[in-house]
K.L.:
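Pasting a structure below so you can have a look.
Letters A, B, ... are given to chains in the order of the sequence lines, protein chains preceding strands, and every chain is numbered from 1.
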Amino acid sequence: MATSYNAKDEDGHITVSGPGGGTLRSRKPENTAFKQQRLPAWQPILTAGTVLPAFFIIGLIFIPIGIGLYVTSNNIREFEVDYTGVDVSSPCFNCSQNYSWNSSRPCTCTIPFYLEQPYEGNVYMYYGLSNFYQNHRRYVKSRDDSQLHGDMDSLLTPSKECEPYAFHDKKPIAPCGAIANSMFNDTLELFYNDPNGTKVLVPLANTGIAWFTDKYVKFKNPGGDGANLTAVFQGTSKPVNWLKPVYELDKNSSNNGFINEDFIVWMRTAALPTFRKLYRTIKDAKVIPTLPSGNYTLEVVYNYPVRSFEGRKRMILSTISWMGGKNPFLGIAYVTVGSVCFFLGVVLLVIHHKCGNRNNSADISN
Amino acid sequence: MARHGEDPGMVKAPKVKQQRKKKSKENKTRTVHANLLYDHAKGEENPNRHYANNKIKTTKYTVLSFLPKNLFEQFHRFANVYFVFIALLNFVPVVNAFQPELALAPVVFILSVTAIKDLWEDYRRHRSDKEINHMDCLVFSRAERRYVEKYWKELRVGDFIRLRCNEILPADVLLLSSSDPDRLCHIETATLDGETNLKQRQVVRSFFDLDCDFDPLKYNSVIECEKPNNDLNRFRGYIMHRSGRRDALYKENLLLRGCTIRNTEEAVGIVIYAGHETKAMLNNNGPRYKRSKLERQMNVDVFWCVIILLVMCLFTAVGHGLWMFQYGDKRPVFDVLSPEGTDLSPIMSAIYLFLTMIIVFQVLIPISLFVSIEIVKICQVFFIHQDMELYDEETDSHLQCRALNITEDLGQMQYIFSDKTGTLTENKMVFRRCTVAGVEYSHDANARRLAMYQEMDSEEEECTSHGGTLPRRDSVTSHQSARVVLRSQSTKSHRRTGSRAEAKRASILSKHTAFSSPMEKDITPDPQLLDKVNECSSQMDFMRFHSQPMSQLPSDLADIIDFFIALTICNTVVVSSPNQPRQKVRMRFELKSPVKTIEDFIKRFTPSRLTSGSNNSSSSSLITNRSSNKGCSSVLSSPSAESTLTKLDEEKHHGGLEHAFSPIPPCYDGKGWNLEEGELRYEAESPDEAALVYAARAYKCSLVGRLPDQVTVELPHLGKLSFELLHTLGFDSTRKRMSVVVRHPLTDQITVYTKGADSAIMDLIRPPDTGKRQKKIVSRTQNYLNLYAADGLRTLCIAKKIMSKEQYACWLQRHLEAETAIQGREELLFQSALRLETNLQLLGATGIEDRLQDGVPETIASLRQAGLQIWVLTGDKQETAVNIAYACKLLDPEEEILTLNADSQEACALLLEESLHYIQAKFLCSSTDQAAKNFQNNFAPFDIYPSSSPLGLVIDGRTLAYALDKSLEDKFLAIAQSCRSVLCCRSTPLQKSMVVKLVRNKLKVMTLAIGDGANDVSMIQVADVGVGISGQEGMQAVMASDFALPRFRYLQKLLLVHGHWCYSRLANMILYFFYKNAMFVALIFWYQFYCGFSGSAMIDQWYLIFFNLMFSAFPQLITGTLDKDVSAETLQQLPQLYVNGQNSEEYKPYMFWMNMIDAFYQSLICFFIPYFAYADSDVDLFTWGTPITTLALFTILVHLGIETKTWTWMNWLSISFSISLFFTVALCYNASCPTCYSPSNPYWTMQRLLQDPLFYLLCLITPVAALLPRYFYRACQGTLFPSPIQVGRQLDKLPAETRRNILSLSRVEVGSALSPKTHFLSLSTPSSTGCNKKDQRSFPGSNTSQGPVLQTDNQARRRGPADSERDLYTFVPSEIDTLPYTKDAPKLSEEPQPPSTRDSERLDKTLEASDLSLSGWITSTPLLSQTDCIHLNLPPDGDTPCVRYTRDSEEKLKSEQIIQKAQKTEQDTEQSLHVTT
C-alpha cells in the first residue's frame, strides 16, 4: 500500500514532468499557445453546405479533363494482330504445335493484315503476351543484377537467386535466371504490300526501345565496352532455352551481349499477365505517312511456345501521344468521377436546402 | 513472543537478489547482533553478514544485463513476438518474401524505441537511487568511539545510529534511547501511509529506565525478530540480554525507514532491517499498469485483424494451389522450379505460400500501432500536465498523471465515486456560530470575515504558501546554527541531505498546516457573547478573591463559562509552540512528579521565540503527539485514575485551590525567549476540535497546555487554571461523543464535560422535568440545531454534568474493574462510559462549517450534466453527509430522499424490497406509456426513473454492509441506479471499495474514484481510474492514484475536456490505424489475382516496410496528439458532449468494420484505376507499383485530412513532410544503386514517373474517387443527423459573444437538439401526469421554464435507453416478471386515459404490504421541510419494519394508514423474487 518516500521521488520523475518541473521554480505551466493547445487552427466542418462547392468544382474540373483524355486516346492509332495460331485456320497453327523452346528448325509463318488508316509519326511495334505471368514472385527474383551489370565474379558464379538456372553442365549460365531463360525469341518482320504488288520491307529500328538508364547504367557487358564478347563469355553457358549465346544476339557490338535492347526490354518484367513489350520502332522517315493504309504482311519466325500455358502472342502497331498508348480508360474514369461528383453535389444541394438550413438555424439561432 | 511463521508478505518480497541467496541460510526469524562486537572479525564471522545492506537499487538493468533483460521483457508483449517471428520467417528461403535483413528493420526499430524509453526511465531511477544512497547519517564507530557520518548505503544491519530531529530514517531501526523524558520518540509517517499526525514510538522496555545516555559499547543483547515483511503495522520479536532476560518488542519500538523524526531531540537505535528489506521498500510497488477500455476494445479488433489476415492468406494459398493445378504437368516457364530444380506439388507450394503471405501481409497487424499509441499517450499526458487551468497556485502543484496509459479512460467515465471530506470539502473546519444556554450568538462579524476570505482566498493563500515554505527552511537552518555547538556536523548534513526530499516534505507539511490557516484561527468573537464572557470571568475573579462559592454565579453566566471550558478541554488537542520543534509546551505543576532538575524545568517552560504569524511558521516540526493513540491513552490514563481513587479522601483536606492556582512564572526568560500563548499551536485529532479550541481562544479562553493528567486553561481575569484530568473517554462512532472528567479547580467539583453529535447528546440530557429553564434551553437549542443543520453546518452539542465525589467513586470503582477486566474489556469500558454520560445538563451547541472547496457545486452539476452518476462515499455520519450533499448540490431540495437504515440482514432485504416497490409504483404512474415501450423492448424500467423524478438515496454503513451481501446486491444496485444521487455514509474503506467493485463489475461501467485520504486508497485502487487529491491528508491517496489533482474542481476539466479529447483522439487514431493498414495491405491482396497468387508484390519492399513506419506515421501522430474536435470552452459549457465518450461513440465495434470496408473499397480504387490505366501496356512491375504506392499514400493522407477536425500548422507541416519524405526517399532510393536492391531494382523509376503525365493524372483522380463516399457520407452526416459533437463544433465557430448568449439562453434547447432521442423518451405527456398527485411535482409542465435541473433530466433521459440495454439486462428482467406493475404496463399503455386510480390503488397495496407496523418511525430530516421524504427505517428490533411517506405540504397522511400485514402479497412477491434472482 504505502510506498517509501524514495519511490515517490522516482515516481514524481517518471511521470512525464514537462519542462519547468524544477523544485524551486514555480511549476506553473507556461502559457503558450502550443502548451495550452490553443494553436490557431482551421476548423472545417463537413456539412452539405460546406462541401457543396468542392463537389461542383471537382465535377467541373474532371469532366473536361476526361473529355480531353478520351479524345486524345481516340486519336491514337493502334492495330493488333494475334499470331498465336490457336485456330486451325490460322497461318501459324503448324508452328504453334511445336512446344519445344530451342528446336533447331525455325518455323516461319506469314500473316497478312490490312491497315485502314495511315499511321503518322513514330510508330511503335510491340509484341504482346497474354497469360504470361512475368510477375510471378519466384520468376521476378530469378535474375542476377550484378551479373547483368558486367561484374566478372557474378558472371562466373551467378547469385543463388538464379537457381535452378544458374549453372548448366557445371558451367555458369550467362545471363542466368528464369527471366533470361524465357526470353522472347520470335522474330517479326513487317512488309508493306504496295498497291502495285511489290512487297516492301518496312525498316524496323531495334535500338532506342529500352530505357536509357537500363541500357547505359544498369546493363553492362563484362569486360567493358570494347571487349571481345566471345572471349569474355568464354566458359559460360547459354541459357537452356536459348538458341544462341548472349554474345550472338546482334551483329552490332553496341547492341550485343547484355546490352542487347531486346534482352533489356525483356528483363524489365511486366506488371500484369497480359502485357506488351516494345519490339521495334518505325522511325518517322521521309515517307509520309510512316505506315500508309493498305495491306501488310507480318512474317514471324515462330520460336516462342505459349500454348502450353494457354498464352497468346500478338503483334501491335501503335502510335503514341503525350499520355502514352491508346487507353480510353482514364478519360472515361475522369468523366465518370466528374459526373458522379456533380450528381452528388446536386444531391447535397437538395439536402442542404431541405435540412441544412433548418437544422443549423434550429441549433444555433435558438 | 517472537513469531515463528512464514509471513505471507515474504512471498512477494524477494525482489532483491541478496534475499534469495540467503534464503537457505536463514531460518524463520532474523537474529540481529550488534555489529560493534564483531568489528575485528572482518566480515566472515559477523552474524549479520547475510542481511541486505542499506544500499538500494531500484533500477531494473545494469549495463550488461540491459540488452538481454530488456529484450526479454519486450517479448512479453505478444505483438513483438509475432513480429520477430515473421522477421525470422523471412530467413527461411522457401517462404521468404523480402530481403531478410530489411524485414528485420521495423521490428528492430520498434524494439529499440521502446528500449531507449526504458533505458531513460531506468537512468532516472538510477540517479534517484544514487542520491538516496548518498544521504548521510550518524553511525557509531567502535574505532572512534563516537558517532561518525556515513552514507546511507554504508549502513548495515546491527549498526547503531543516532537520529536527530527532522532527520529521515535511513533504515528500519529499533529504538533504544530517546532524549525525550518519557522515552518516546515521535515520527511522522506521511511518506509512508499518508497520515500526517505524529506517531509515538517507545524505547524498548529494557532500556526504558536508563538514566544516563545510551552507550553502544555496553550493548550486548541479541535481537530476534521476524523476517522482513511488508506489514507496516506489525513488528514482533524479542530482545535477549546477556542476563538471559527477554523483553518483547512491538511495532511501537520500531522506527521505519522513510519516516521523519519529529519533536525528539535525539534518538539512538539499532538497525534491524536495511535497504530493500525495510518495510517501506517492501511496500514499494512500482507504477501501475492498467489497460484502458479503449485498448481492450482495440485488442479485440487486433484479433479480428489477425483473422482477416489468416483468411486472406488462406485464400491466396488456395488460389495459388488451384492456379498451379490448372497447368497440370505442363509447367509454364514463369513458374520457376525450386532452387534444387525439383518440382513442387501444388499443395506444397500452397503451404509455403501461406507462410509467405503472412510475411507479405504482416503490415495488416499494425506493428507501429502500439508504439504510436504509447507516443501519443505520452504527448497527451504532457499536455494535460501543461494545462494552466489544472495548476493550483496555492500549492504550486499541478495535475500529475501517474498512470501513463489510461488517459483516454478519462473520457469514458460513467460513475464517479467521491470521498467527501477533503475532496468535496476543504477539510478546513471553521467555527461559525454557537448557541449557549438557549441564546443564539450569530457571529455575524465572523460570517462576514469568512465571506471575505472566500473572496480573497486565492491571493491570501498564495502568499501564505509562498511565504510559508521558504522562510520555514530558513528558520530550520537558523535554528540549527543556534545549536551549532552541540553538533556542528548536523547542520551540514542537513544541508546535504535536504535538497529535494526536504523540499518535498516541506510542501507536504505546509499543506498539512492548513489545519490552522488564519481563516480557521482568527475567529471574530460575537461582541455580545464576548461581553458576557468578560463579565462572567471578572465576576468569578471577584468571587475567588472573596472566597465566595462559585455557585452564586448567575446560571446563564455559569453556563457560558462552562461552555467555553468544555470547548477548551473536552478534546484531545495537544499544544505546541511554533518554531520549537523539540519541546512540547509543558506545564507540569502536579504533585506527583515534581520538576526533577532545573534543566527539566527550563525545558518545560522553554517558551518559544515567535515569529510573525503561525501561518508561515511551519509545519515541519510543530506537530506534537496527540494522545489519540488509543492504546496509549488508556495506558496513560489508568495510573492516574488509580491514584485518584486513593487520593480522593486525602485531597479533600487539602485546599484544592492551592495547587490549582499555582502561580505561573510570568516569563521565564531562560534564553531570552518569550512565551506567548497566543501563538500556541493546537494539534487536534480532527479539525473540528481545533476549530472549537480556536473559537474558545477567541473568547480569551485558551488552552495552554495538556498533559496526560492535567489541562491548563487560561481565562481572562482568572489567569491560568489547571484542571486535573481524571478521565478521557475518547470519541467513538457508536457513542458519537466524547467526555472528559476533570476536577474543576474553582469549584473543586468533579465535572464531566461531554461533547458530541446532537442526536447522541440530546437523548442524554437530564429529563426536562428538572427545571423549566433547562427545558427551554433544550427546545431552543434543538431549534437552533435544526437551523444550523439546514445551513449545512456540522453541529455539536456541549453538555456537562457535575458528580458528587461519592457518585464518582462509585463509578470509578466499576470503571477500574472494567479496565482491568480480561474478557470483554471493550464492551465493559463502553458500558462504563454509558453509565457516566447520563443526566447531562445541556450547555449549548456549536455550528462548524466544513467549507466546500471552490467550485464543488458547479463541478458536480456539470459532471452530472455530462451524464456521470456521482456517488458520495464518506465515513462521516449521516447528518453531516446529507448536509454537505445539499450544500454541494449533490442532493437537491426537489428530490425525494430515500433513506435506508437497517439493523439486520432481513430488515435490509425488506427495506430494499419496499424501496423497489415504491420506485416501481412511482415510475409506473408517472410514465405508463413509457413503461410499455420499455417493457416491449425489454428495457430496464429503472433506468428511466431518474428522469421522471429525481430520487436520492442515502444509506448508512451498516445497511450498506447488508446490502452488499450477495443476495441483496442486485436489488441494491437497482435502487441505486434509479436514484439520481447516492450517498453512503459511515462507510469503511473496505466498503467503499466493495461498492466501487460492485458497480464496476455488475453494471459493466467505467468507474472513477476520487479521494484524498488513506481511507480512500482501496477504493482508488479498485476503480478503473483512481484520482487522488493531493491536498491535506498526505500522499497516500496520491500514491495509489492514477491521476493526482490539487483540487476537486479540476476534475471537471480533466474529464470533460482532457478526457474527451484523449478519448476521441485516440479512438480516431486507432480506427485510422486499422484502416490505413488494411487499405495498404489490400492493395497487395488484389494484386494476387493478377500474379497467379504467387505472393508477388508490386510495391517495392522498401516502401512496403517503411510505409507505416515513416511515410504515413507523422500526420497521424500529430492528429492523434493535437486534434480537438470541440474547443475546451464549449466542452465545459456543454457537458452533455461528454456522453460521446461514455457511449464509446467514436469507436464502436461496427466502426471497425465500416472502416475495414472503406479500406477495402479505397484500395480497390487505388488498385484498379492504375490497373486499367496501365492495362495491356508495356509497364513493368515496379513502375506500375510505385504510382500505386504514391496513390495509396495520398489517399491515406487525405483520408486523415477528412477526419482531422482542427488544422494547425503542425498538421499542414506533418502532411507535407510526409509527402516530401516519401518523394525524397523514393528519388534517392531510385537513384542510388543500379544493382543493389534485388529483386525490384527500381533504378530511375520514380524519376521517369515524374516525367509521365499519366502519373499526375492518376494522382488526381484516384484519391478523389477513393474518398468520395467517405466525404459524401461525412457531409450528409453533418447535415442530416449531426452528432452532438458536431453541434458543439458549430457552436465553436460562432463568435464568442454569440456563443455565450446561445448557451446561456437556450441550454435546454441545445440539450434537446443534441439528443434526438429525447422525444422518444419524453415522459412528461400531460395525460400521465395526472395519475398520481404525489408525483406531479416532479414533472415539469413544459421544459422551457425549468432551470438547470431540468436540463440534467433531459440529459439523463437521453442516456437512458442506450445504457439500460447493457447495464441492467442481467437482473432486471426478473423483476419485470415478478412485479405486478410492470406486468400491467402494456395493458396500461393501451388505454389512453391516465390510469391514475388503479395505479394509486396499487401503490397503496404495496404500502400495505410493506407497512407491517408503524410502531416507530423516524422523523424526516428537519431541514427538508419542503420536500418529500421517504424514510424506510427499520428499528433495531428488526422484525418491525415500517415505511412512512411523509409529505409535509399537502396530503400528509395518505399512506399513513396502519394496515396489518398483507402477508399474501408479501410472500408472493418474495417468493417470486427468490425464484428469479
Side-chain angles (χ1 to χ4, degrees), chain A residues 2-7 9-10 13 15-16 18 23 26-29 31 35 37 39 41-43 45-48 51 133 135-142 145-146 149 163-164 178 182 213 217-218 268-269 271-272 274 276-278 308-309 323-325 329-330 337 344 351 355-356 363 366, chain B residues 124-125 128 132 191-193 258 280-281 283-284 330 332-334 336-337 339 341 381-382 385-386 388 391 396 400 402 500 503 1039 1090-1092 1094-1096 1172-1173 1176 1178-1181 1184 1206-1208 1234-1235 1238-1239 1241 1243-1244 1253-1254 1265 1272 1274-1275 1278-1280 1287 1289 1306 1309 1313:
Chain A
T3 320
S4 83
Y5 61 96
N6 40 25
D9 285 359
E10 294 154 29
H13 281 264
T15 27
V16 178
T23 37
S26 161
R27 287 184 290 182
K28 183 170 182 171
N31 187 6
K35 285 187 177 169
Q37 305 192 55
L39 287 176
W42 171 54
Q43 288 181 287
I45 299 178
L46 302 183
T47 59
V51 302
Y133 287 86
N135 53 15
H136 190 284
R137 185 171 59 87
R138 287 203 300 277
Y139 182 84
V140 170
K141 280 199 301 185
S142 188
D145 280 317
S146 39
H149 194 58
E163 295 284 0
S182 59
T213 51
V217 182
K218 236 160 108 173
R268 191 161 273 279
T269 52
L272 298 165
T274 299
R276 60 174 77 167
K277 281 184 184 292
L278 193 53
S308 62
F309 51 89
M323 55 161 286
F329 169 77
L330 260 189
V337 172
L344 291 179
I351 290 175
C355 316
D363 287 337
N366 242 342
Chain B
R124 305 204 80 136
R125 266 193 293 260
S128 141
I132 287 161
T191 48
L192 218 52
D193 58 10
M281 293 300 285
N283 267 302
N284 184 355
K330 296 173 289 175
V333 273
F334 42 81
V336 184
L337 301 168
V381 164
F382 170 78
H385 218 80
Q386 290 299 321
M388 284 214 307
Y391 168 79
D396 188 32
Q400 283 178 45
R402 295 173 38 84
R500 202 177 60 199
M1039 300 304 295
Y1090 300 96
C1091 69
S1094 61
S1096 192
F1172 286 115
D1176 191 24
D1178 58 346
V1179 73
D1180 72 288
L1181 185 54
W1184 182 66
T1206 44
W1207 289 78
T1208 61
T1235 59
S1238 172
N1241 221 333
Y1243 192 69
W1244 225 247
L1254 196 60
F1272 180 69
R1274 287 276 177 235
T1279 307
L1280 293 179
V1287 178
R1289 296 179 61 202
S1306 60
E1309 276 79 357

K.L.:
Measuring from Lys35(A):NZ to Met388(B):CE, what's the distance to the nearest 0.5 Å?
P.N.:
11.5 Å
K.L.:
Please look at Lys141(A) and chain B and tell me whether the side chain, the backbone, both or neither of the residue comes under 4.5 angstrom of a heavy atom of that chain.
P.N.:
both
K.L.:
Looking only at non-hydrogen atoms, find the nearest pair between Ile351(A) and Leu1280(B) and report the distance.
P.N.:
CG2-CD2, 3.6 Å
K.L.:
Counting only N and O atoms by type, is there a donor-acceptor contact under 3.5 Å from the side chain of Arg276(A) to the main-chain atoms of Asp1178(B)?
P.N.:
no
K.L.:
Under a 4.5 Å cut-off applied to non-hydrogen side-chain atoms, are Trp1244(B) and Val217(A) in contact?
P.N.:
no
K.L.:
Would you mind telling me which of Pro332(B), Gly1092(B), Ala1173(B), Pro1253(B) has the largest number of heavy-atom pairs within less than 4.5 Å of chain A?
P.N.:
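Looking at each of Pro332(B), Gly1092(B), Ala1173(B), Pro1253(B) in turn, Ala1173(B) comes out on top.
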K.L.:
Hey, what do you get for CD (Glu163(A)) to CG (Leu337(B)), rounding to the nearest 0.5 Å?
P.N.:
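Rounded to the nearest 0.5 Å, the CD-CG separation comes to 11.0 Å.
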K.L.:
Please answer whether the main-chain N or O of Asp145(A) pairs with a side-chain N or O of Thr1235(B) as donor and acceptor at a distance below 3.5 Å.
P.N.:
no
K.L.:
Report the residues that fulfil ring pair (Phe, Tyr, Trp, His ring centres under 6.0 Å) with Phe309(A), sequence neighbours left out, ordered by chain and then residue number.
P.N.:
Phe132(A), Phe334(B)
K.L.:
Please enumerate all residues that pass ring pair (Phe, Tyr, Trp, His ring centres under 6.0 Å) together with Tyr1243(B), with sequence neighbours excluded.
P.N.:
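Not a single residue meets the ring pair (Phe, Tyr, Trp, His ring centres under 6.0 Å) criterion with Tyr1243(B).
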K.L.:
If you compare all heavy atoms of Asn1241(B) against all heavy atoms of Lys218(A), which two are closest, and at what distance to 0.1 Å?
P.N.:
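Looks like O-NZ, 3.1 Å.
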K.L.:
Of all the heavy-atom pairs spanning Asn135(A) and Ser1096(B), show the shortest one and how long it is.
P.N.:
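The answer is O-OG, 2.8 Å.
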